[in-house]
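Since the structure comes first, as structure tokens, the remarks are kept for the end.
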Amino acid sequence: MTTELMWFRRDLRTHDLPALVTAADADRLACVFVLDPHLLDHERVSPARKRYLRQALVDLDNRLGDLGGQLMVVLGDPRHVVPALAKDLEVDAVHVTADHTPFAVARDDAVEKALADDGRTLERHQGVSIAPPGSVRTGSDSVYKVFTPFHRTWTQRDHGEPLTPPAALPRAPDGVGRIDTVAPTEVPQLDVRGPDEAWPDGGEGPARERLDDWLDGPVDDYDDRRDVLGVPGTSRLSPDLHMGCLSAREAWTRLDRRNPGQDTYATELAWRDFYLHVMAEWPDTARGAFREEYRDLPWHDDDDAFEAWAEGQTGFPIVDAAMRQLSTMGWMHNRARMIVASFLCKDLLVDWRRGEAHFMANLVDGDTCSNNGGWQWAAGTGTDAQQFIRIFNPTTQGTRFDPDGVYVRRWVPELADLPNNRLHEPWRLSEEDQEALGVIIGEDYPAPIVDHAEARQRAMDWWSQAT
DNA sequence: AATAGGTTAAT
DNA sequence: TTAACCTAT
Ligand SMILES: Cc1cc2nc3c(=O)[nH]c(=O)nc-3n(C[C@H](O)[C@H](O)[C@H](O)COP(=O)(O)OP(=O)(O)OC[C@H]3O[C@@H](n4cnc5c(N)ncnc54)[C@H](O)[C@@H]3O)c2cc1C
């Protein structure tokens, strides 16, 4: 008789989950999620993400219940909890979906070792990414550093068909009753309330509904609308993909790539896989610049500038709109993420790692791989070699991607009455116009904290000095 | 078969 | 600037 343990982490689903399908073949199966107090109190886990997690755990327990199983939620450090639990329940093997951040890899290696001391195994299954990290390789057998050729190879791959959930789960081993569990709804750190409409509900149920809605029409316009800041033209599935309430492979399989909107959407899913590949291959990039020579750049330790940025008080409407969207929604449009990241790193010369940490502390979809990849791309410290340093002009970006000002007016209401031709550069309003509109720059809305033209020159000089 | 050097493109 | 691929040797 085999007794096994399914240890859930960021794969809180029943559909297309190879680890669960394998575990379901055991004679006895226990399912567990370990709430690590260290992570619960960590500032890199945002309030919106805690709320999402709580709801996702409740949802998963219900789903496993429907299959004849149940989810035990145990409080503690998984390095101790999992081996102890395995011993207590006399488990032969522990199944997990492999995760690829340095933290997760170290944790799993430690658990694997502890299990091995008692003759048990940790079995890692594929399931976070679409293609297993490390599997998409160049002609010379290295991992890609540039997205476009990665994407070419990735697209030609057969990623396999998604798996259906097990029809039923084996009964739990004797002894589960002894295990000290908690109800996720009773964990104070997870009892987070937010602006309910703005934060997505967590769990496979809500996630699958969102996926169905997205694929039923809106995705067809993705290529046209994904860069328009003022409309909800993107899928908003990032937290679902991050927590694994949705299988990225299932989302990908359900696309019809002959449709341009759906094909463009497939490319974005490939970006997620790309950054997973990069992190799995070069884990040090989680902490610092990919390239050695960019590890010790003389970033400016400018707390005032950082605060103004974080609070959406820079005086650049598009930047401020985006940062306020982040604070309220725990989510920010991808275009806006690039704009604010460029602004922090180039206009303010603040270390990208401060921005990266602020994103993790606020995003509902905070993801070490994608977030780090996005920040290093914007900072110019990442894997891709560049010909020119990338400096976004916030005014140009605003007029191009929020031409009618819907986004800025929504998030920076004090500018709502400005005419379109001044909305993205309110500092150019004459004093008379400011009086007439009732918006005094420097009083009702901040004066720009830098002159972009000067900041741009400063960044270019700084970069050539530093490198 | 392995490598050097040219070409193309970088969301 | 340089990654990745292609071609020639
Ligand atoms: C500075 C910066 C930080 C970022 N931080 C994160 C993060 O912490 N977590 C996160 O999931 N994404 C991050 N991204 C990527 C991207 O902005 C978000 O995935 C996207 O905005 C989420 O919204 P959506 O689900 O509506 O995206 P859609 O446009 O609908 O895209 C679909 C899915 O594709 C994936 N995806 C799309 N764009 C990217 C990308 N550039 N890189 C990797 N995956 C992508 C996401 O899983 C996303 O849910 C970051 C980008 C930048 C520039």
Side-chain angles (χ1 to χ4, degrees), chain A residues 130-131 133-157 219 221-229 233-235 238 241 248 252 255 257 259-282 284-285 289-295 297 318 322 332-343 345-346 352 365 367 369-394 396-398 400-402 459-467:
Chain A
I130 298 175
S135 70
V136 177
R137 308 186 78 86
T138 66
S140 48
D141 201 33
S142 60
V143 170
Y144 285 96
K145 297 176 178 176
V146 178
F147 176 74
T148 306
F150 169 88
H151 180 228
R152 208 180 10 248
T153 305
W154 183 89
T155 302
Q156 289 161 2
R157 271 302 172 68
V219 66
D221 299 322
Y222 184 69
D223 52 332
D224 290 332
R225 291 163 54 120
R226 61 184 231 87
D227 261 334
V228 186
L229 288 162
T234 68
S235 70
S238 47
L241 292 166
W252 179 80
L255 296 172
R257 293 196 292 106
N259 175 296
Q262 303 201 32
D263 189 46
T264 306
Y265 192 69
T267 305
E268 297 315 302
L269 294 174
W271 270 101
R272 183 172 174 277
D273 265 30
F274 175 65
Y275 286 135
L276 276 153
H277 269 70
V278 169
M279 185 61 73
E281 183 72 9
W282 299 288
D284 288 350
T285 57
F290 175 78
R291 294 166 58 95
E292 174 96 53
E293 59 268 42
Y294 300 152
R295 300 240 167 105
L297 295 174
I318 199 72
M332 193 195 289
H333 193 284
N334 179 60
R335 170 59 50 184
R337 294 187 203 205
M338 296 192 288
I339 296 170
V340 302
S342 171
F343 190 80
C345 299
K346 304 294 165 62
W352 61 269
D365 61 22
D367 178 279
C369 305
S370 297
N371 193 40
N372 184 283
W375 275 97
Q376 294 221 42
W377 180 86
T381 61
T383 51
D384 60 330
Q386 321 151 257
Q387 202 170 1
F388 307 106
I389 88 166
R390 226 175 330 242
I391 303 176
F392 282 22
N393 180 323
T396 315
Q397 291 283 317
R400 191 174 300 160
F401 300 110
D402 186 32
M460 293 196 298
D461 296 343
W462 177 89
W463 186 262
S464 52
Q465 275 264 295
T467 58

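The sequence lines fix the lettering, A, B, ..., with proteins before strands; numbering per chain opens at 1.
As a whole-Å value, the separation of Gln376(A) CD from dT11(B) P is 15 Å. As a whole-Å value, the separation of Gln386(A) CD from dT11(B) C1' is 13 Å. Rounding to whole angstrom units, CZ of residue Phe150(A) and P of dA10(B) are separated by 16 Å. Rounded to whole angstrom, the span from the CD atom of Glu281(A) across to the P atom of dA3(C) amounts to 14 Å. In this entry the distance linking CZ of Arg152(A) with P of dA4(C) reads 11 Å, nearest Å. Atoms CD1 (Ile389(A)) and C1' (dA10(B)) sit 16 Å apart, rounded to a whole Å. As a whole-Å value, the separation of Lys145(A) NZ from dT2(C) P is 10 Å.
Among dC5(C), dA10(B), dA4(C), the nucleotide with an atom closest to any side-chain atom of Thr148(A) is dA10(B). Proximity note for Glu268(A) (side chain, C-beta onward) versus dT11(B), dA3(C), dC5(C): the nearest is dT11(B).
Under the stacking definition used here (centres under 5.5 Å, planes under 30°), the residue Phe147(A) fails to qualify as stacked on the base of dT11(B).
In terms of phosphate contacts, Arg291(A) brings a side-chain nitrogen or oxygen within less than 4.0 Å of OP1 or OP2 of dT2(C). One finds no side-chain N or O of Tyr144(A) lying less than 4.0 angstrom from the OP1 or OP2 phosphate oxygen of dA9(B).
When heavy atoms are screened at a 4.0 angstrom cut-off, Phe388(A) is found touching no nucleic acid atom at all. Looking at heavy-atom distances under 4.0 Å, Trp377(A) makes contact with sugar-phosphate atoms alone, never a base.
Remark: the Gln465(A) side chain and the Asp461(A) side chain contain no N/O donor-acceptor pair separated by less than 3.5 Å.
Remark: the backbone N or O of Asp402(A) is not paired with any side-chain donor or acceptor of Arg335(A) at under 3.5 angstrom.
Below 30°, between 30° and 60°, or above 60°: for Trp271(A) and Phe147(A) the angle between ring planes is below 30°, a parallel geometry.
Taken from NE2 in His333(A) to CZ in Phe401(A), the straight-line distance is 9.5 Å, to the nearest 0.5 Å.
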